Amino acid sequence: VNLPPTLHSCIVIIPAYNEAHDIAAVIADVRRACDFPIVLVDDCSDDDTIAQARQAGATVLPLCIRMGAWGAIQTGLRFAKTSGFRCAITVDADGQHPAAAIPALLAPITAGTADVVIGNCTQRGSRPRLLAWRLLRSVSQLAVDDLTSGLRAYNPAAIDLLVEDSATLLEYQDLGVLMLAKANGLRIMEVPVAMRPRLSGLSRVFASWTLVAYYMACTVILGFSKRSLKRAESRD
Amino acid sequence: MVTIVAAVLGLSSAAIILFLVRHDRLQPRHALAWLAIAVVCAVVGLAPGIIDTLANWLDISYPPTLAVAITLMALLVKNLLLDIEFAQQEVRLQRLAQRLAILESRLPHAGSGDRAGA
C-alpha cells in the first residue's frame, strides 16, 4: 500500500472474543494484504485466542474486563494514538472481512476525502436485517448504508475523537460511533466490499432473537437520543 | 401513636445512615440525600398536619396520595442519580482496564498472558 508520509504509520486493530480457531488465518490474511502492525484486543476470551494471536505475530492487548466489541476497538485506538500511529483499520476476528479490501478502504483517507471509511457489505443482508438497517438509518438520520460493518478505517482526526471519554460508553462499533463522528464534522464514506461468510461461530450481536431485540432497543434509544437538534440534512 | 411511629422511623433511619458512614459503608455525599429523607420523615411524622395543609393548597382531596406521590418522586430521582453515577463509574472502569491492557502489552514479558484472578 502506498501512502503519503503523513499517513505512513497505519495499524490494524482486531477485536476478538473466543476466536482461537480462526484468528491465525485472519492475521495471516491481513499480513498478505499489507505490512502494517497488527494489534489484537482480546475481550477476555476463555479460549486460546491470546496465544494463537501472539504466535501469528500480532501484538496482544489483553483486557481484564469484558467490554464488548467497541470497548475493545477503543482500546486499540488508544494504543494507536499513544504509540504514534496516524491511521487505524478495524477488522473483525471471524474472517468475514477480506483483508484485500484494506487498500481500497485507505484510498479515500489518503486522498483526504474522508475521515471515516466503512467497508460496505450490505449484500449480506437478509430481509429482517435490511429492515433493521432501514429503521436505524431513519432513527439516526445517517446517510450510511452499512451501519454495522466492523471493517472501517479511521484517520488521525477520527482517532482523536474516538479515544475520548465521550465515546467510551458506546457498546458497538455502529451508529453511535458514526453519529459522534458526524456531529463533530467528520466526513464518513462507504466503499463497497465483498463479504465472506464467517469462518465459524455466530455473530455476537445476532446470536439469538432476544439479543437482536436488546441490540435494536438499545440502538434505537441511542440513535434517537443522539439525533442532531438541527433540521435533518437531505441524503445526497 | 402514628406521630411517634413516624418520628421513630425517621430518627432510626438517621441513626442507621450515620452508622453506615461511620463504618465506611456509605460516602458522606450519599448520606446527605438519605439524611434529608430521614429528616422529612421525622418532620412529617411529628407534624402530620403539614401534608393536609399542603394537599389543601394544591387542591388534592385525599391528602395521603400527596405523601405517596412525593415519596415515589423522591425515590425515582434518587434511583436516576444512582444510574447516572453508575454510568460515570463504568466509563472510569473501562478506561482503566483499557489503559491496563495497553500497559500490559508493553511489558517485556508480555508472553505470559497471565490473567488469572483478574
Side-chain angles (χ1 to χ4, degrees), chain A residues 11 13-17 20 37-85 162-171 218 221-222 225, chain B residues 17 20-21 23-37 65 68-118:
Chain A
I11 190 168
I13 299 168
I14 307 178
Y17 169 67
I38 300 168
V39 55
L40 178 126
V41 189
D42 177 64
D43 198 10
C44 252
S45 295
D46 307 311
D47 66 4
D48 215 15
T49 304
I50 292 183
Q52 295 288 337
R54 283 205 177 112
Q55 208 165 16
T59 301
V60 174
L61 307 185
L63 289 171
C64 56
I65 301 170
R66 188 164 304 150
M67 47 180 89
W70 172 248
I73 290 168
Q74 195 186 41
T75 311
L77 292 174
R78 290 182 71 184
F79 177 83
K81 188 173 161 68
T82 54
S83 308
F85 291 99
L162 295 176
V163 297
E164 289 293 318
D165 280 13
S166 51
T168 295
L169 278 189
L170 299 173
E171 265 188 88
C218 288
I221 291 171
L222 179 78
S225 56
Chain B
I17 290 152
L20 290 173
V21 175
H23 291 273
D24 299 323
R25 299 296 164 108
L26 199 62
Q27 284 174 279
R29 60 201 185 98
H30 293 140
L32 214 60
W34 289 116
L35 275 179
I37 289 171
T65 48
V68 172
I70 291 173
T71 312
L72 279 176
M73 280 310 291
L75 287 177
L76 186 79
V77 168
K78 187 76 187 104
N79 229 325
L80 261 178
L81 289 175
L82 196 71
D83 272 2
I84 291 168
E85 178 130 353
F86 180 74
Q88 288 170 342
Q89 296 283 4
E90 185 70 23
V91 170
R92 281 192 208 160
L93 185 70
Q94 287 208 12
R95 295 194 71 85
L96 191 68
Q98 290 178 338
R99 191 187 274 202
L100 185 68
I102 293 168
L103 288 175
E104 219 173 298
S105 77
R106 289 179 181 151
L107 288 177
H109 298 296
S112 66
D114 181 19
R115 291 209 323 268

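The sequence lines fix the lettering, A, B, ..., with proteins before strands; numbering per chain opens at 1. Quick caveat, the model's predicted, so the values are computed rather than measured. Both backbone and side-chain heavy atoms feed into the values below; hydrogens, waters and symmetry mates do not.
- Between B:Ile102 and A:Thr75, the shortest heavy-atom contact is CD1-O, 3.8 Å.
- What you find for B:Arg95 and A:Val163 is that their closest heavy atoms are NH2-O, 2.7 Å.
- Looking at A:Gln74 and B:Gln94, their side chains never come closer than 4.5 Å, going by heavy atoms from C-beta outward.
- Looking at B:Leu103, neither its backbone nor its side chain comes within 4.5 Å of chain A, counting heavy atoms on both sides.
- Distance check: B:Gln88 CD to A:Thr168 OG1 gives 13.0 Å after rounding to the nearest 0.5 Å.
- No more than 12 heavy atoms of other residues, nucleotides or ligands sit less than 6.0 Å from atom CD of A:Gln55.
- Taking A:Gly71, A:Ala72, A:Gly76 one by one and counting their heavy-atom pairs under 4.5 Å with chain B, the maximum is reached by A:Gly71.
- B:Arg92 does not touch chain A: none of its heavy atoms, backbone or side chain, sits under 4.5 Å away.
- For the residue pair A:Leu63 and B:Ala97, the shortest heavy atom distance occurs at CD2-O, 3.9 Å.
- The CD1 atom of A:Ile65 sits 7.5 Å away from atom CD of B:Glu90, with the distance rounded to the nearest 0.5 Å.
- Among residues 26-37 of chain B, no residue has any heavy atom closer than 4.5 Å to a heavy atom of chain A.
- Between atom CG of residue A:Asp42 and atom CD of residue B:Glu104 there is a gap of 10.5 Å, rounded to the nearest 0.5 Å.
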